[in-house]
Amino acid sequence: MTAPRPGPPPGPRPGPPPGVGPAPVEEIGEASHPAVDAAVLGMANAEALAPADQIAQYEAAYETLRETLATIDQA
């Protein structure tokens, strides 16, 4: 006899009740940061890249976002 596979228990998956959608996204207007905008655009454009290149793009975006958030803490 084999052991059961790990994973979620059978039955309905947890989530919002039927008829409840995601919260609306608030527009932030002109509040943006060039490095963050470039990182987000790079992640969006990564979809067209080969998988290995996608990983490199995501890692570069992560590093940019991490550095940018670190400078916010210093301000």
Side-chain angles (χ1 to χ4, degrees):
M1 180 172 190
T2 61
R5 295 179 132 185
R13 296 187 184 267
V20 175
V25 176
E26 294 182 30
E27 293 294 326
I28 58 172
E30 297 297 319
S32 65
H33 190 284
V36 172
D37 293 343
V40 171
L41 182 61
M43 287 189 297
N45 291 338
E47 181 180 353
L49 300 174
D53 296 330
Q54 287 178 354
I55 293 170
Q57 183 66 43
Y58 294 142
E59 288 175 343
Y62 167 78
E63 189 62 30
T64 298
L65 295 173
R66 189 185 65 75
E67 290 172 1
T68 302
L69 288 172
T71 62
I72 291 171
D73 289 341
Q74 297 172 357

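Legend: residues meeting salt bridge (charged side-chain N to carboxylate O under 4.0 Å, His left out) with Glu63, ordered by chain and number and at least two apart, are Arg66. Remark: Val40 engages Val36, Met43 in a side-chain contact (heavy atoms from CB on, under 4.5 Å) (not counting sequence neighbours).
Here the closest heavy-atom approach between residue Ala39 and residue Ala61 is recorded as O-CB, 3.9 Å. In plain terms, the two heavy atoms of Ala35 and Thr64 that are nearest each other are O-CG2, 3.6 Å.
Screening residues 36-58 for side chain to side chain donor-acceptor pair (under 3.5 Å) gives Ser32-Asp37 as the qualifying pairs, with residues at least two apart or on separate chains.
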